[in-house]
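These figures come from a predicted structure and were not determined experimentally. All values below come from the heavy atoms of this structure, side chains included, with hydrogens, waters and symmetry mates left out.
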Amino acid sequence: MNLDIFMGLTAPVLAYFIFNKNLSNQILIGWNFLGLLLILLIFIIGILSAELPFQQLAFNPPNTTITLFPYILLPSTVVPIVIYMHASEIIPLTQKPS
């Protein structure tokens, strides 16, 4: 269910086309929105898998490794950085050139 790996695998291909071909902004905006959707999906799966009162997934055994180092860095550091990077790419792509 870890579909956000798709973004990492397609990033070098996208970078090649950005530098060697004239790739439209619409494709880049769509790719970044897809990245945001996939990271949101992983975040929701992680929350629903965690040992919380509203746990819906992974009952046997519950996902307790996310509370241990270094895995705690995923939701506390990596996810916000990924969201920021996608959003910071979408903003200039949606603005009209001056």
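- With hydrogens and angles disregarded, a donor-acceptor distance shorter than 3.5 Å links the side chain of Thr10 to the backbone of Met7.
- The cluster map of Ile, Leu, Val, Met, Phe, Trp and Tyr, joined by side-chain heavy atoms under 4.5 Å apart, puts Ile5 and Tyr71 in different clusters.
- Note on Val13 and Leu23: same hydrophobic cluster, where clusters join Ile, Leu, Val, Met, Phe, Trp and Tyr whose side-chain heavy atoms are under 4.5 Å apart, directly or indirectly.
- Pairing each heavy atom of Pro80 with each of Thr77, the nearest pair is CD-O, 3.3 Å.
- Under the side-chain hydrogen bond (donor to acceptor under 3.5 Å, both in side chains) criterion, the residue pairs touching residues 85-94 are Asn32-His86, with sequence neighbours excluded.
- Atom-to-atom distance recorded for Phe33:CZ and Leu36:CG is 7.0 Å, nearest 0.5 angstrom.
- Considering CH2 of Trp31 and CD1 of Ile90, their distance stands at 10.5 Å, rounded to 0.5 Å.
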Side-chain donor/acceptor pairs under 3.5 Å, residues 37-48, sequence neighbours excluded:
none

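- Here Leu68 is tied to no hydrophobic group at all, with no ILVMFWY side chain closer than 4.5 Å.
- With rounding to the nearest 0.5 angstrom, the CG atom of Leu28 is 12.0 Å from the CZ atom of Phe17.
- Hydrophobic clustering keeps Met85 apart from Phe6 (ILVMFWY residues linked when any side-chain heavy atoms are closer than 4.5 Å, directly or through intermediates).
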